[in-house]
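Reading through the structure tokens given below for one structure.
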Amino acid sequence: RFHFDLKFFKRFLKILKLLFPRLKSANVLLFSLLLALVLLEQVVIYFVGLVPSKYYSVLGDKDKTAFRNHTLYALLLIVSIAFIVATEKYVMSVFHVTARKVLTLHLHKRYFHSLLYYHLNVLDDQVDNPDQRITQDVNKMCDTFSQIVAKLLVSPFTIVYYMYTTWEKTGYIGPLCVVGFFAISTVFNKFLMSAVVHLVYKQEKYEGDFRYKHMQIRSNAESVAFYRACRLEEWKTNYRLRKLIGVQQRLILKEYALNFSIQMADYLGSILSYVVLAIPIFSGVYDDLSPSDLSALISENAFVTIYLISCFTRLIDMSIQVTDIAGTAHRSVINRLMDSCLILRLHSSSEDQVHRAFSVQKLTYCAPRPDAAPLVQDLTFNFSVGDNIVITGDSGCGKSSLLRVVDALWPAKQGVVESYASHGHTGIIFLPQKALLTDGSLRQQITYPYCNQNSGAPDDVQIIQFLKDADLDHLIERTGGLDVDVDWNWHDVLSPGEMQRLSFVRLFYHAPPFAVLDESTSQVSIKMEQKLYDICRQLNITVMSVGHRDSLLAYHDLELRILGEGKWELNRLRENS
Ligand SMILES: Nc1ncnc2c1ncn2[C@@H]1O[C@H](COP(=O)(O)OP(=O)(O)OP(=O)(O)O)[C@@H](O)[C@H]1O
């Protein structure tokens, strides 16, 4: 549900500005060509519409030569209209694809260049299926836009012209009847349509939920198999399917009534032209015409009136489609992507850049729920070079949440986080709790999240050494080489411990001054854990770790213990290394 408010128009203008950035841009030229084709189509349609009426008169007069000439003329018109419509459709498709590219690239920029993807997917429960909005809705919107906008611009002129022509042939009664008929059928259809529109929206949401459930099974196939949870998963998947089918069935029923009304309007419209012409014929206005001229007039009038009605009907159809576009553009995801100018920004400053990653002062934070109690209150500490910190505490006490707050993924309730280190090899790198692997070659796993090697990055000999240190050199053989683009889902073919070790190889490769490790060694042996932390020290990486194992204390200088109910304590384990 939305309103055509000022904000909507501003947003729509923004979309237009993206699509038509300059007067001489390719899209403006394309659109002008489309407009010209639609205009031409209207002109040719007028002449095509008059072809049957001329046949009535030619055949009525049994005029052979006129018949032959008229047939040639009709063929020429048919070739022209076929050519114009095909070209128009082609230009529309090109415009659709170009518009989709421009808009989606713009949305991607918002989505990926800020932390909006995180917000929309993790924190914002108002937003349903952001992926579907970006991948499908934009496409639908551009498709509709390309199909109707030029026609919509031309339609007022067409309507005025055909109103005038109808008035010429039937007097005021013709246009009046058409407008009256149109008004009644529109009000009636609109009433039936409002229920349909609501259900269409619901159907799309359930469609997305159903697809997401299947995606969940696909991504967690192994875990589901170990649990032998097939029956429950089948039930859950069927539950979503039933919800979707339920809405589809209700939609079909509502569409039944709507279709009945639309068909009635269409067929009534087709006899309306004769009813309208009957009035001047019976009142003797056309008494001086021969029978063949009269049938030609009836045919001509039928075309003009029916076309006028269809112009109105199309206008209504198009206005519904415009509502659709507006609805899509207004949907929370698209709208947030269009409006957002990054809510989160790190406090970065160049001073102290290498010496300190961040400084936390009187920080209070809680989980992002309206009713959530503070996890930690008034926390103050610095993460500086040489001060390796381990964060401990019971499960769910807020350890990972602290990392989210200091990395600005979650807002703080009170206090300040001053961040001095940028993300990357010159600043800080986070190894999240769930090891993240990407698609592509082994090298791409290691250099992630950068595609290109920076100057001074380790060479292949060093990379292989890091892999050996992490007992992962067998991967080179398995993949066929560092650069072989294997078509693997890396999460499915490596063990959790291997994924964690590969994440450390990535960390060694980038060797940033600071690293935050969220339970990054929970799946590897104590011996391997020691080896990995030793290499971090050799590479001068100051770490902040989250973990449950006591063995971790040995590699850190400070322990930040989160005690629950907002309390915490910071203990020095040993003097600064
Ligand atoms: N996206 C979220 N929305 C709302 N609440 C969340 C969200 N993520 C985590 N929480 C809640 O915040 C609290 C702290 O979670 P956090 O992940 O920080 O725990 P943790 O101390 O790291 O636990 P563990 O040792 O089990 O990893 C938990 O109660 C958790 O349920």
Side-chain angles (χ1 to χ4, degrees), residues 111 114-131 209 212 215-216 219-220 223 332-333 336 343-344 357-358 360 363-381 383 388-415 417 419 428-436 491 496-497 499-500 503-504 515-524 526 529 533 543-553 555-556 558-571:
Y111 193 63
S114 60
L115 292 169
L116 209 56
Y117 57 88
Y118 176 78
H119 268 242
L120 294 177
N121 287 298
V122 181
L123 301 181
D124 197 335
D125 47 14
Q126 303 285 311
V127 170
D128 68 280
N129 304 303
D131 55 320
D209 293 348
Y212 183 71
M215 224 171 71
Q216 247 183 2
S219 331
N220 300 302
S223 311
S332 35
V333 177
R336 283 193 58 181
I343 335 102
L344 306 163
F358 52 76
V360 174
L363 176 73
T364 299
Y365 63 88
C366 36
R369 292 189 308 264
D371 56 332
L375 291 164
V376 170
Q377 282 178 313
D378 289 330
L379 175 65
T380 298
F381 75 99
F383 182 31
N388 297 289
I389 306 175
V390 61
I391 305 172
T392 56
D394 292 341
S395 170
C397 67
K399 301 184 293 296
S400 300
S401 304
L402 174 60
L403 308 185
R404 295 175 188 123
V405 175
V406 295
D407 199 32
L409 298 183
W410 287 7
K413 196 165 184 201
Q414 268 171 17
V417 177
S419 181
I428 189 165
I429 283 184
F430 283 70
L431 297 195
Q433 202 167 2
K434 282 186 214 157
L436 176 66
H491 288 101
M499 286 193 262
Q500 287 192 332
S503 301
F504 268 93
V516 175
L517 316 174
D518 192 355
E519 303 200 24
S520 302
T521 51
S522 58
Q523 310 284 335
V524 303
I526 302 272
E529 179 178 88
Y533 273 97
V543 297
M544 182 160 107
S545 314
V546 169
H548 291 280
R549 274 191 197 163
D550 285 344
S551 58
L552 278 178
L553 298 176
Y555 320 120
H556 297 84
L558 291 161
E559 181 189 11
L560 173 61
R561 179 167 275 276
I562 298 178
L563 304 166
E565 296 175 343
K567 299 194 191 85
W568 55 275
E569 58 184 33
L570 187 65
N571 303 314

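Atoms within a ligand are numbered from 1 in the order they appear, just like the ligands themselves.
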Inset, instruction - Compare every heavy atom of Val543 with every heavy atom of His556, then report the nearest pair and how far apart it is. - result: NE2-CG2, 3.7 Å
Legend entry - Distance in Å, Ile428 CD1 paired with Met544 CE, rounded so as to fall on 0.5 Å steps: 7.0 Å
Legend entry - Residue, atom name and distance, where the atom is the protein heavy atom closest to atom 13 (C) of ligand 1: Gly396 O, 3.9 Å
Legend entry - Distance in Å, Asp407 CG paired with Tyr118 OH, rounded so as to fall on 0.5 Å steps: 9.5 Å
Legend entry - Taking every non-hydrogen atom, the tightest pair across Val360 and Leu379: CG1-O, 3.4 Å
Inset, instruction - List every atom of ligand 1 that sits less than 4.0 Å from any heavy atom of Ala367, numbering the atoms from 1 in the order shown and giving each element. - result: 5 (N), 11 (C), 12 (O)
Legend entry - Heavy-atom protein neighbour under 4.0 angstrom from atom 31 (O) of ligand 1: no
Inset, instruction - Please report the C-alpha distance between Ser545 and Tyr555 in whole Å, then the side-chain angles of each, then the deciding distance to 0.1 Å, and finally whether the side chain to side chain contact (heavy atoms under 4.5 Å, CB included) criterion is met. - result: CA-CA 10 Å; Ser545 314; Tyr555 320 120; over 6 Å; no
Inset, instruction - Please list, chain by chain and in numerical order, all residues satisfying ring pair (Phe, Tyr, Trp, His ring centres under 6.0 Å) with Tyr365, sequence neighbours excluded. - result: none
Legend entry - Is_contact(atom 7 (C) of ligand 1), protein non-hydrogen, under 4.0 Å: yes
Inset, instruction - For ligand 1, find out whether one of its N or O atoms is nearer than 3.5 Å to an N or O atom of Trp410. - result: no
Inset, instruction - Could you check which of Pro368, Cys366, Gly547 puts a non-hydrogen atom nearest to atom 3 (N) of ligand 1? - result: Pro368
Inset, instruction - Nearest heavy atom to atom 25 (O) of ligand 1 wins, so pick from Arg369, Arg404, Lys399. - result: Lys399
Legend entry - Atom indices of ligand 1 within 4.0 angstrom of Val122 heavy atoms, with elements: 1 (N)
Inset, instruction - Just jot down the ligand 1 atoms closer than 4.0 angstrom to any heavy atom of His548, in number order. - result: 25 (O)
Legend entry - Proximity flag Gly398 to ligand 1, non-hydrogen atoms under 4.0 Å: yes
Inset, instruction - Specify the protein heavy atom at minimum distance from atom 26 (O) of ligand 1: its residue, its atom name, and the distance to 0.1 Å. - result: Ser395 OG, 2.7 Å
Legend entry - ligand 1 atoms in contact with Glu519 (distance to a heavy atom under 4.0 Å): 24 (P), 25 (O), 27 (O)
Inset, instruction - Output all residues satisfying ring pair (Phe, Tyr, Trp, His ring centres under 6.0 Å) with Phe430, sequence neighbours left out; order by chain, then residue number. - result: His423
Inset, instruction - Give the residue and atom name of whichever protein heavy atom lies nearest to atom 18 (O) of ligand 1, and the separation in Å to one decimal. - result: Ser401 OG, 2.4 Å
Legend entry - Ligand-residue contact atoms, ligand 1 with Ser400, heavy atoms, under 4.0 Å: 17 (O), 18 (O), 20 (P), 22 (O)
Legend entry - Heavy-atom closest contact (Ser400 atom, Gln433 atom, distance): OG-OE1, 3.5 Å
